[in-house]
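Lettering of chains follows the sequences in order, A, B, ..., and the numbering in each one begins at 1.
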Number of protein chains: 2
Amino acid sequence: MTAAEHGPRERMVFSAAQLIRRDGVASTGMREVAAHAGAPRGSLQHYFPGGKEQLVNEAVGWAGRYAGKRVARFLAALPEPTPSGLFAEMVRQWTDEYEAAGFAGGCPVAAATVDCAESTASTREAAAAAFATWTGPVARALTDMGVPEERSTALATLMISSLEGAILIARAEQDTRALTTVTRELGPLLDAAAGPAG
Amino acid sequence: MTAAEHGPRERMVFSAAQLIRRDGVASTGMREVAAHAGAPRGSLQHYFPGGKEQLVNEAVGWAGRYAGKRVARFLAALPEPTPSGLFAEMVRQWTDEYEAAGFAGGCPVAAATVDCAESTASTREAAAAAFATWTGPVARALTDMGVPEERSTALATLMISSLEGAILIARAEQDTRALTTVTRELGPLLDAAAGPAG
DNA sequence: TCGGGATTATGACCGTGGTCATAGTAGCTG
DNA sequence: CAGCTACTATGACCACGGTCATAATCCCGA
């Protein structure tokens with residue numbers, strides 16, 4: 001989407017995230033990333049002397065920051081912010097994509113975790129950090145909506161867990177059913193936690 | 001666990017599932033599977049003429065049936081069956097493993113989905129089937145516990161989504177926090193759906 | 001114009017891994 | 001024992017892909 005601009009380095013990180021979420025880390029080649037970014041192959045070793053591991057880690061970090069920033073946008077888009085409304089927006093990003101562009105891609109952080117959690121410590125840590133930079137804004141938003149502070153992080157984790165799992169199922173089934181289901185079933189629970197006043 | 005017995009063919013399928021859930025599909029080699037199963041390399045092309053794709057698909061199918069069968073055991077282990085109790089058992093299987101053996105492995109169905117959903121149609125279908133053979137028994141159990149039939153499948157999907165996502169986060173963080181969190185936060189919702197009579 | 005750093009260009013190396021070809025062995029049946 | 005089928009053994013092929021080595025540009029300040 002927002003691709004052509006920015007330097008080649010940033011484009012490669014972005015492309016890496018795109019390809020990883022489609023094919024997984026192991027099946028994504030460095031040459032492929034450069035080609036997808038429209039960047040010269042020689043730039044790979046120049047910008048990423050740490051090799052594939054570095055590129056993957058930066059792509060995961062980028063994805064985490066992207067997800068974290070999106071939370072603010074979702075909140076801004078809501079007429080009146082509620083936990084269920086936020087969650088619905090988070091899920092809707094995926095249903096929209098799947099209905100518009102097909103089920104080609106999943107979450108790059110999930111892909112990195114599946115492919116690298118055991119083999120590459122630094123990537124596992126990058127994934128953990130990405131989940132944290134995603135959970136943080138969600139939890140903060142919940143607190144602002146009236147959710148008791150000690151439950152905000154827990155509910156944010158539940159939201160992201162459900163979303164990630166539903167993404168997996170939706171991709172496997174090529175059907176957004178799982179995504180719409182978790183939205184519907186989890187919404188009341190989230191709003192109830194914001195207190196009786198709504 | 002139940003490994004040494006059974007024929008070499010079944011052992012290879014089992015080993016494939018083990019290795020896939022640890023390293024992902026792409027990073028798991030055929031030779032590695034044979035070695036892990038203590039089976040001769042020559043048996044690979046004999047039992048799996050369809051190559052890696054066939055082996056992976058059978059491993060995914062095996063994992064789905066395994067998960068489905070476990071539901072019955074969980075129910076049997078509960079003094080009195082409740083939705084939250086079933087979910088707690090499902091999650092506990094993972095917390096137990098992670099605490100006892102470390103965070104080396106995730107769900108093989110999730111791994112297959114991440115690595116093959118876009119590239120290999122048959123494996124994607126195998127993953128969808130695995131999720132279905134897992135969701136079915138869970139939904140049936142919920143119905144037996146008093147959950148209205150039209151909500152049972154939805155809640156089963158929510159349970160499995162949350163579990164899958166929590167597995168991802170737990171592996172990334174190397175911490176069972178996400179798993180215990182989804183158990184705690186989702187339990188009351190599940191029991192409430194079983195009707196006021198509990 | 002002349003460095004000199006930043007960037008790009010390319011070819012080669014080398015390990016990995018899925019698959020194939022070809023043959024060997026084992027065990028049962030007639 | 002002959003023969004057939006099931007299984008095992010092993011080496012080779014070939015594509016892919018991450019990385020390295022080496023050099024060519026490009027571009028800006030002095």
Is it true that A:Glu185 and B:Arg151 make a salt bridge, defined as a side-chain N closer than 4.0 Å to a carboxylate O? yes
Below 4.0 Å: OP1/OP2 of C:dT8 and any side-chain N or O of A:Ser43: yes
When rounded to whole Å, the CG to P distance for the pair A:Leu44 and D:dA21 reads 16 Å
Confirm from the modelled atom types if B:Arg41 and C:dG18 form a donor-acceptor pair under 3.5 Å, side chain to base only. no
Nucleotide nearest A:Tyr47 when distance is taken to its side chain, options D:dA21, C:dT7, C:dC20: C:dT7
Between B:Glu32 (CD) and C:dG15 (P), how many Å, whole number? 19 Å
Could you state the atom-to-atom distance from CZ of B:Arg9 to C1' of D:dC7 in whole Å? 14 Å
Pick from B:Leu189, B:Thr183, B:Leu186: which one makes a side-chain contact (heavy atoms from CB on, under 4.5 Å) with A:Leu158? B:Leu186
Roughly, in whole Å, what's the span from CZ in A:Arg11 to C1' in C:dT7? 13 Å
Starting at CZ of A:Phe48 and ending at P of C:dT8, how long is that distance when rounded to a whole Å? 11 Å
Could you state the NE2-P distance from A:His46 to C:dA6, rounded to the nearest angstrom? 7 Å
Go through the side-chain N and O atoms of B:Ser152 and B:Thr143 and say whether any donor and acceptor fall under 3.5 Å apart. yes
Quick one: do B:Glu32 and B:Arg22 make a salt bridge, cutoff under 4.0 Å? no
In numerical order, the residues of residues 21-30 of chain B whose heavy atoms come under 4.0 Å of DNA chain C are B:Thr28, B:Gly29, B:Met30
Gap between atom CG of A:Leu78 and atom CG of A:Leu86 - 0.5 Å precision: 7.0 Å
Which nucleotide in C:dT7, D:dT8, D:dA12 has an atom nearest any side-chain atom of B:Pro8: D:dT8
Establish whether the base of C:dT19 is bridged to the side chain of B:Arg31 by a donor-acceptor pair shorter than 3.5 Å. yes
Is it true that the side chains of A:Gln93 and A:Glu97 contain a donor and an acceptor less than 3.5 Å apart? no
Quick one: label A:Gln45 by what it contacts on the DNA or RNA (base, sugar-phosphate, nothing), any heavy atom closer than 4.0 Å. base
Going by atom types alone, do B:Glu53 and B:Thr120 pair a side-chain donor with an acceptor below 3.5 Å? no
